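Encoded as structure tokens, the structure appears first; notes follow it.
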Amino acid sequence: MKIEQKAASIFEYSFDIEIERSVEHVWQVIFKQINNWWMKDYRALGENSEISLTPETGAALLESTETGESLEWYRVQMCVPLNSLYLVGNLAADWGGPTVSMLKLGLTRQESNTLLTISDSLLGNVSAKAAENARSGWMEMFTKGLKEFAENTQS
């Protein structure tokens, strides 16, 4: 049996995205239409999988397929409707972990627009490159995915 000790690292990042829609509209799109804006390139179980997220503590951001495969991306730690969503996710060693991600989506009303603030803290077997990949992936997901979809749909 081999026992190996590894050092853990912590990386944090955040960024803002302005969405030209109301907080109410963006909040609804995040949950009720997540499968429509979650980009195909970011589906671990294949582009035909389904993504779901319920806005309540203990619920999960899930990906599933018709054949029964499933992946829990994150668990909801805290939900403040129309304001913030705190998510905690785990990355297995097979995918570069073990790493814990503490992702926060914050919404701020700006007249008729919404400022979406994404912040993430990564703890564990994580490198600067892995943290940058996470940041750039979420940036793409929330700009090309959520923002574009939300701005092009009606309430």
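The shown structure was predicted, so the numbers you read here are calculated from the model rather than taken from an experiment. Along the sequence shown, residues are numbered consecutively beginning with 1.
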Closest heavy-atom pair and its distance - [X], [Y]:
X: E18; Y: N113; result: OE2-ND2, 3.1 Å
X: H25; Y: A150; result: NE2-O, 2.9 Å
X: C79; Y: W27; result: SG-CZ2, 3.7 Å
X: Y13; Y: D120; result: OH-OD2, 2.8 Å
X: N152; Y: E148; result: ND2-O, 2.6 Å
X: L62; Y: W73; result: C-CD1, 4.5 Å

(request) Apply the test side-chain contact (heavy atoms from CB on, under 4.5 Å) to residues T65 and N48: give CA-CA distance (whole Å), side-chain angles for both, the deciding distance (0.1 Å), then the verdict. (result) CA-CA 7 Å; T65 68; N48 293 323; over 6 Å; no
Just by modelled atom types, is the [Y] backbone N or O under 3.5 Å from a matching donor or acceptor in the [X] side chain?
X: E63; Y: L45; value: yes
X: R75; Y: G58; value: yes
X: W138; Y: F142; value: no
X: T114; Y: V23; value: yes
X: S22; Y: S112; value: no
X: R43; Y: W38; value: yes
X: R21; Y: E151; value: yes
X: N125; Y: G96; value: yes

(message) Check this for me: K40, atom NZ, are more than 12 non-hydrogen atoms of other residues, nucleotides or ligands nearer than 6.0 Å?
(response)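 Enclosed.
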Looking at side-chain heavy atoms only, is the closest gap between [X] and [Y] below 4.5 Å?
X: L122; Y: I10; result: no
X: I19; Y: L146; result: yes
X: V88; Y: V100; result: yes

Approximate separation, where rounding is to 0.5 Å, of [X] [atom1] and [Y] [atom2]:
X: L61; Y: L71; atom1: CG; atom2: CG; answer: 8.5 Å
X: L103; Y: Y86; atom1: CG; atom2: OH; answer: 11.5 Å
X: T99; Y: L123; atom1: OG1; atom2: CG; answer: 8.0 Å
X: M78; Y: N83; atom1: CE; atom2: CG; answer: 8.0 Å
X: Q28; Y: I34; atom1: CD; atom2: CD1; answer: 13.0 Å
X: S49; Y: Y42; atom1: OG; atom2: OH; answer: 14.5 Å

Please tell me whether [X] and [Y] are part of a single hydrophobic cluster in this structure, the criterion being side-chain heavy atoms less than 4.5 Å apart.
X: I17; Y: M39; value: yes
X: L87; Y: L82; value: yes
X: M102; Y: V126; value: no
X: W37; Y: L115; value: no
X: F31; Y: M141; value: yes

(message) Checking S14 now: which residues fulfil side chain to side chain contact (heavy atoms under 4.5 Å, CB included) with it, not counting sequence neighbours?
(response)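 So S14 forms a side chain to side chain contact (heavy atoms under 4.5 Å, CB included) with S119.
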(request) Before accepting this row, confirm whether a basic side-chain N of the pair R135/E132 lies closer than 4.0 Å to the acidic partner's carboxylate O. (result)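 A salt bridge is present here (some side-chain N lies under 4.0 Å from a carboxylate O).
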(request) Answer yes or no: is there an ion pair linking K144 with E140, defined by an N-O contact shorter than 4.0 Å? (result)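 Salt bridge: yes.
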(message) Testing L116, T117, T108 one by one against D16 for a side chain to side chain contact (heavy atoms under 4.5 Å, CB included), which residue passes?
(response)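 Answer to the side chain to side chain contact (heavy atoms under 4.5 Å, CB included) test with D16 among L116, T117, T108: T117.
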(request) Could you walk me through whether I30 and L107 pass the side-chain contact (heavy atoms from CB on, under 4.5 Å) test, one step at a time? (result) CA-CA 11 Å; I30 287 172; L107 285 78; 4.3 Å; yes
(request) Apply side-chain hydrogen bond (donor to acceptor under 3.5 Å, both in side chains) to S121 and E12, showing your working. (result) CA-CA 4 Å; S121 297; E12 297 178 330; 3.3 Å; yes
